[in-house]
Amino acid sequence: MHDGLENVVAAETVLSDVDGLAGRLVIRGLPLSALAGRVSYEHALGLLWDGFFPALPRDLTRSLGAARAKVFELTSNRFGAASGLAPFDALRMLMGALPDRTDLDTALMIAAAPSVLLPAVLRQAEGKSPVAPEADIGHAADILRMMAGVDAPKAMADGLDTYLVTVSDHGLNASTFTARVVASTQAGLDSSVLAALGALKGPLHGGAPGPVLDMLDVIGTPGQAAGWIDATLARGERLMGFGHRIYRVRDPRADALSAALDRLRSTGNVDATRMALAGAVETAALAALQRHKPDRPLLTNVEFYTALLLEALGFPRDTFTAVFAIGRVGGWIAHSREQALTGKLIRPRSIYVGPEAKEAA
Ligand code: ACO
């Protein structure tokens, strides 16, 4: 029995490879360092989807833009029904209204949907009218425009683009596996993606970055980092933003996002005090985790720098998991197609450990 299916191989994929010992993430034959900060999210989507849809355009910028417009048109009459829900739950609710097929148009709409719906529900919660998408501009730039109602500085759009590319795919993580299980039943893409959203929501997967900022706020100053961390570990609690099922060295996505923060810092959009605190917390946490679990390397994961980058880009912390979904949805769709095309239903076994059956008296 493998608790948590650790080390169980459940699929063959051409999409991405996570080498936990070397700290390497490869997406369709390219290391993350060749993609993050170098190509747009639309380009990454084209790479991920290549071979899974007939007549896939070479450049998805226009198609994804048109899909954003279509999603807005299809869902805007339902925005009111999502009011009062937490952003992630509003996203899940509104995504349920999309078509549930497996063709390219459906895939584009589902890929575009979180990017349109999150800004809309956020603006609505602030008593502002949702802003319709601009089909002709880049995906990341349009997300920031739909949030703020005005064009974002290029450096901010580039920072978000880097983030979306960085999280676009990552092997057989919990949400991607969930998407593949649903796709293996030959259900539509919306069903797969809705199920994956549920898996992503939990704090052990995509729900950690908000709590990373909560942790920084509670710690307050660099001088208090070591004491707070020791006390937290002594209570048996986990430090959010550290540890990973696969990586035994630093998560390469943490490096990609910390480089994005450095680029953003030069434009004055990053709070230097916050970064100094984060640096002190990371150093203290790594030292404390080494003492706490000397046999299990627990290092900085993607969520630590996600929290800092998304905060610098102006996203409220209760939206971080939804922003993760805006990027990861591209990978979920690719994996869903890859799994469905195998034609094989995923159906593992369990070992029954309950009471023995009693014969009826
Ligand atoms: N802080 C303190 N202790 C930790 C941490 C942590 N962040 N992570 C793992 N440990 C400890 C566990 O308590 C456990 O100790 P035990 O053997 O005494 O019970 C041991 O290390 C192994 O932990 P597991 O949970 O078995 O390891 P797993 O591979 O399942 O954990 C996980 C991976 C869930 C990410 C874990 O490291 C964690 O909870 N981290 C904090 C939450 C977090 O940052 N999540 C985002 C992950 S990145 C992503 O999904 C996009």
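Whatever order the structure lists ligands and atoms in, that order sets their numbers, starting from 1. All values below come from the heavy atoms of this structure, side chains included, with hydrogens, waters and symmetry mates left out.
- Residue, atom and distance of the protein heavy atom nearest to atom 18 (O) of ligand 1 are Lys293 NZ, 2.6 Å.
- Any N or O atom pair closer than 3.5 Å counts here, and Leu233 shares no such pair with ligand 1.
- Under the 4.0 angstrom criterion for non-hydrogen atoms, Phe324 is in contact with ligand 1.
- Using 4.0 Å as the threshold, Pro211 has no heavy atom nearer than that to any atom of ligand 1.
- The shortest contact between atom 10 (N) of ligand 1 and any protein heavy atom is with Leu298 CD1, 3.7 Å.
- For the 3.5 Å distance criterion, the side chains of Trp332 and Ser175 qualify, holding a donor opposite an acceptor.
- Atom 35 (C) of ligand 1 has as its closest protein heavy atom Gly243 O, 3.7 Å.
- Looking at Arg274 and Asp217, a side-chain N of the basic residue comes within less than 4.0 Å of a carboxylate O on the acidic one, giving a salt bridge.
- Short contacts between ligand 1 and Pro203, defined as distances under 4.0 Å to a heavy atom of the residue, involve ligand atoms 42 (C), 45 (N).
- Taking the six-membered ring where tryptophan is involved, the planes of Tyr247 and His170 are tilted, since the angle between them lies from 30° to 60°.
- The shortest non-hydrogen separation linking Asp100 to Ser191 is OD2-OG, 2.6 Å.
- At a 4.0 Å cut-off, not a single heavy atom of Val167 sits close enough to ligand 1 to count as contact.
- Ion pairing of Glu73 with Arg68 is absent here, as no side-chain N (NZ or NE/NH1/NH2) approaches a carboxylate O to less than 4.0 Å.
- With a 4.5 Å cut-off on side-chain heavy atoms, Leu264 and Leu313 count as touching.
- In terms of protein heavy-atom proximity, atom 40 (N) of ligand 1 is nearest to Phe242 O, 3.0 Å.
- Atoms of ligand 1 lying under 4.0 Å from at least one heavy atom of Val302, given by number and element, are 51 (C).
- For Arg24, the CZ atom is loosely surrounded, since the number of other residues' heavy atoms within 6.0 Å does not exceed 12.
- Atom 47 (C) of ligand 1 has its closest protein heavy atom at Asn301 ND2, 3.6 Å.
- A donor-acceptor pair under 3.5 Å links the side-chain atoms of Arg123 to the main chain of Met147, judged by distance alone.
- Counting only heavy atoms of the protein, atom 6 (C) of ligand 1 lies nearest to Leu239 N, 3.6 Å.
- In this pair, Tyr41 and His139 present their aromatic rings parallel. The plane angle is below 30°, not in the 30 to 60° band.
- At least one heavy atom of Gly241 lies less than 4.0 angstrom from ligand 1.
- Of all the listed residues (Arg296, His170, Glu303), Arg296 holds the heavy atom that lies closest to atom 29 (O) of ligand 1.
- The protein atom (non-hydrogen) at minimum distance from atom 42 (C) of ligand 1 is Met240 SD, 3.6 Å.
- Protein non-hydrogen atoms do not reach within 4.0 Å of atom 26 (O) of ligand 1.
- Comparing His244, His205, Arg238 against atom 34 (C) of ligand 1, the shortest heavy-atom distance belongs to Arg238.
- Residue-environment remark: CZ (Arg78) stays at or below the threshold of 12 foreign heavy atoms within 6.0 Å.
- Annotation for ligand 1: atoms under 4.0 Å from non-hydrogen atoms of Arg245 are 28 (P), 29 (O), 30 (O), 33 (C).
- Counted by atom type alone, His335 and Asp169 present one or more donor-acceptor pairs between their side chains at under 3.5 Å.
- Each of the following atoms of ligand 1 lies closer than 4.0 Å to a heavy atom of Leu289: 1 (N), 2 (C).
- Between atom CD of residue Glu311 and atom OH of residue Tyr305 there is a gap of 13.5 Å, rounded to the nearest 0.5 Å.
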